[in-house]
Amino acid sequence: MNRLLITFALGALPFAAYTQTETPDSISAQELKEVVVEADLQRTGAQLSTYIPTTVQKSSAQTATELLDRMAIPQLKISGGSGVETSSSKPVAIYIDFVPATSQELTGMRMADVRKVEYYDYPTDPRFQGNPHVVNFIMQKYEYGGYVKANGQENFIANSGQLQLYSKLQYKAMTYDIVAGGYYNNSDHEGSVGHEVFRLPQPDGSLKIFDRYSTLDGSKSRRHNYFGTFKMAYKSDNITATNLFSVDADMKPHDDSLGAVSYIPADFPSSDYTTFADNSVKSASYRGYYHFILPASNSITFTPSYSYSHTVQNSTYTEGTQTPIVNGAKDNTNELKFDLRFTHSFGRGGTLTAFGRGSYLYNRTRYSGSASAYDKSDTRRFGASAQYSISVGDFYGLIGFGWDWDRLKFGSTRDNTSAPWADLSL
């Protein structure tokens, strides 16, 4: 199918951006002979490979993922157009200046500010939170300033489009990011046809077999998504702290279809069917990241998060003159998590990490329509563990052990379990 896709970008418009530089009080003039500078765009090692993007690569990319694709880093591959994996299909964690990056930050990044891209295999740096494969973007630093960037796409054939506005403001040690955007997709050509085989036991022990066929004559699908985030970040020599607040509304007011149903053998009459469905998910979340560098090669990393979501789903299915099947569900979910890590580096002797993590998940779901029910559950988990890792040349080794405690309550049912775990990798 031929498609018409129009992409537009406002790029990144900087305002009052001043680079951190030091100017000596006095500069003595001195005549120099000819100087030849050769740029080293790539340095590859056992654990760290550094790549410097060219001006052409940065100017032709709109997002961080596109930049990685343009750079063609041999250890990486771009999957699904936006996912980043190793060449052996292992997941890769993305960081910006050693801080975990969000998808909005990767989209809103100003390409001209990318100084270099670092790829790590099994890094010992505690800021990478034990991720085995990491991409870290090193960005240009500013005393104060910022920029505004817009990305948009419109597909007239598919009747879909999206727009994202990104703004960054930096003042000394503080950085503020604001993201807002939306997405829509309208379609009257989505649906499916079905063939089902039923095998029903009979009172005399025999098996009644019949086929059910459904065809699609028309459909209507509408989807709208709106989101916004606000991030505050503080960074000094020994402290990195970020707080990210997000809201999201994903609504599908129509997911309708109509068609015909037939049976072979014709023990049941053929008829028309209609399906009307809608759903929406509205959520709000918070995520924090705090990293403290302590004396004597010690550090602490604390990552708390909380999210709330409200989900509504409704559907009505009618076949011929039969009684419609009506389903409705409303769910409220609260989730609280934390991860606390203490790391001590022995230098060439390796790294010791002790960490505790916990989570609390609370669900309330009410079903209505042809059948009604009410479910309520909460799940709690706490884990404590320690691990030791060491890297010597091309060799990496890790040994770890821990214990997890789980508490599950579903209605009047309770379940308490605990289990140890151990990990050894070379």
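Count residues from 1 along the sequence.
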Exercise. Atom OG of Ser315 and atom CZ of Phe276: how far apart are they, to the nearest 0.5 Å?
Worked result: 12.0 Å
Exercise. In terms of side-chain heavy atoms, does Asn136 have a donor or acceptor partner in Glu118 at a distance below 3.5 Å?
Worked result: yes
For this session: Please lay out, stage by stage, how Ser299 and Thr343 fare under the test side-chain contact (heavy atoms from CB on, under 4.5 Å).
Result: CA-CA 5 Å; Ser299 66; Thr343 303; 3.6 Å; yes
Exercise. What class does the angle between the rings of Phe302 and Tyr290 fall in, given that below 30° is parallel, 30 to 60° is tilted and above 60° is perpendicular?
Worked result: parallel
Seminar exercise, completed: In short, Pro126 meets Thr301 closest at the heavy-atom pair O-OG1, 4.1 Å
Problem set entry | Note, Phe230 side chain near Leu244 side chain (heavy atom, < 4.5 Å) | no
Exercise. Does any non-hydrogen side-chain atom of Leu398 lie less than 4.5 Å from one of Tyr388?
Worked result: no
Problem set entry | Reference residue Tyr286; test ring-ring contact (aromatic ring centres under 6.0 Å, His included); the match among Phe245, Tyr306, Phe338 | Phe245
Exercise. So do Asn186 and His224 actually touch side chain to side chain, heavy atoms under 4.5 Å?
Worked result: yes
For this session: Using modelled atom types only, decide if a donor and an acceptor are shared between the side chain of Asn225 and the backbone of Ala249 within a distance under 3.5 Å.
Result: yes
Problem set entry | CG on Asn332 to CZ on Arg364, rounded to 0.5 Å | 5.0 Å
Exercise. Just wondering, do Gln57 and Tyr51 contact through their side chains at under 4.5 Å, heavy atoms?
Worked result: no
For this session: For Lys409, look at atom NZ and say whether over 12 heavy atoms of other residues, nucleotides or ligands are found less than 6.0 Å away.
Result: no
For this session: Before accepting this row, confirm whether a basic side-chain N of the pair Glu319/Arg212 lies closer than 4.0 Å to the acidic partner's carboxylate O.
Result: yes
Exercise. Side chains of Tyr95 and Val134: closer than 4.5 Å at any heavy-atom pair?
Worked result: yes
Exercise. Any side-chain donor paired with an acceptor under 3.5 Å for Gln129 and Tyr289?
Worked result: no
For this session: Could you tell me whether Lys141 and Asp97 have a side-chain N and a carboxylate O separated by less than 4.0 Å?
Result: yes
Exercise. Where is the tightest heavy-atom contact between Pro53 and Arg115, given as atom of each residue plus distance?
Worked result: CD-O, 3.8 Å
Exercise. Would you say the side-chain atoms of Lys149 pair up with the backbone N or O of Gln62, donor to acceptor, closer than 3.5 Å?
Worked result: yes
Problem set entry | Distance under 6.0 Å and angle within 45° of ring axis: Arg366 vs Tyr374 | yes
For this session: Please confirm whether the backbone N or O of Gln387 pairs with a side-chain atom of Thr353, one donor and one acceptor, at under 3.5 Å?
Result: no
For this session: Salt-bridge test for Asp250 and Arg223: reply yes if a basic N is under 4.0 Å from a carboxylate O, no otherwise.
Result: yes
Exercise. Going by the angle between their ring planes, with limits at 30° and 60°, are Tyr144 and Tyr171 parallel, tilted or perpendicular?
Worked result: tilted
For this session: Taking the side chain as every heavy atom from C-beta outward, state whether Glu105 and Ile94 have any pair of such atoms under 4.5 Å apart.
Result: no
Exercise. Is it true that Asp188 and Arg222 make a salt bridge, defined as a side-chain N closer than 4.0 Å to a carboxylate O?
Worked result: yes
For this session: Indicate the ring-plane relationship of Phe128 and Tyr120, choosing parallel, tilted or perpendicular according to the 30° and 60° boundaries.
Result: tilted
Exercise. Does the side chain of Lys116 reach to within under 4.5 Å of the side chain of Val114, using non-hydrogen atoms?
Worked result: no
For this session: I would like to know whether Thr50 and Val117 meet side-chain contact (heavy atoms from CB on, under 4.5 Å); could you show each step before the answer?
Result: CA-CA 6 Å; Thr50 302; Val117 177; over 6 Å; no
Seminar exercise, completed: One should read off an interatomic distance between Ser221 OG and His189 NE2, to the nearest 0.5 angstrom, of 11.5 Å
Problem set entry | Audit row: Arg380, Asp378, salt bridge (charged side-chain N to carboxylate O under 4.0 Å, His left out) steps and yes/no | CA-CA 7 Å; Arg380 310 179 187 191; Asp378 65 77; 3.6 Å; yes
For this session: Give a yes or no on whether the ring-centroid distance for His344 and Phe342 is below 6.0 angstrom.
Result: no
Exercise. Can any side-chain N or O of Asn298 pair as donor or acceptor with the backbone N or O of Pro295 at less than 3.5 Å?
Worked result: yes
Exercise. Are His133 and Tyr122 close enough that their ring centers fall under 6.0 Å?
Worked result: yes
Seminar exercise, completed: dist Ile399:CD1 -> Asp423:CG (nearest 0.5 Å) comes out at 9.0 Å
For this session: Taking all heavy atoms of Ile390 and all of Gly349, pick out the closest pair and write down the distance.
Result: CD1-O, 3.9 Å
Problem set entry | Any Asn314 side-chain heavy atom under 4.5 Å of Asn327 side chain | no
Problem set entry | Test side-chain hydrogen bond (donor to acceptor under 3.5 Å, both in side chains) applied to Thr333 and Asn363, step by step | CA-CA 5 Å; Thr333 298; Asn363 297 91; 2.8 Å; yes
For this session: Check step by step if side-chain hydrogen bond (donor to acceptor under 3.5 Å, both in side chains) holds for Thr86 and Gln75.
Result: CA-CA 6 Å; Thr86 67; Gln75 296 96 328; over 6 Å; no
Problem set entry | Closest heavy-atom pair and its distance - Ala64, Met109 | CB-CE, 3.8 Å
Problem set entry | Test item: Asp256 side-chain N/O and Ala277 main-chain N/O as donor-acceptor pair under 3.5 Å | yes
For this session: Begin with the C-alpha distance, continue with both residues' side-chain angles, and end with the deciding distance and a verdict on side-chain hydrogen bond (donor to acceptor under 3.5 Å, both in side chains) for Thr365 and Asp331.
Result: CA-CA 4 Å; Thr365 308; Asp331 177 83; 2.4 Å; yes
Exercise. Do you know which two heavy atoms are closest between Thr107 and Asn151, and how far apart they sit?
Worked result: O-ND2, 3.3 Å
Problem set entry | Nearest-0.5 Å distance that lies between atom OG1 in Thr417 and atom CG in Asp415 | 5.5 Å
Problem set entry | Polar side-chain atom of Gln170 near backbone of Tyr142 as donor-acceptor pair, under 3.5 Å | yes
Exercise. Which distance, rounded to the nearest 0.5 Å, do you find between the NZ of Lys337 and the OG1 of Thr303?
Worked result: 11.5 Å
Problem set entry | Ionic contact status for Asp339 with Arg341, cut-off 4.0 Å | yes
Exercise. Ion pair present between Asp406 and Arg381, side-chain N to carboxylate O less than 4.0 angstrom?
Worked result: yes
For this session: Given side-chain contact (heavy atoms from CB on, under 4.5 Å), test Ser385 with Trp421 step by step and report yes or no.
Result: CA-CA 9 Å; Ser385 55; Trp421 63 266; 3.3 Å; yes
Problem set entry | Non-hydrogen atoms of Asp278 and Pro253 that approach each other most closely | CB-O, 3.3 Å
For this session: Run the numbers on Phe346 and Leu352 for side-chain contact (heavy atoms from CB on, under 4.5 Å), then give the verdict.
Result: CA-CA 8 Å; Phe346 297 99; Leu352 177 66; 3.7 Å; yes
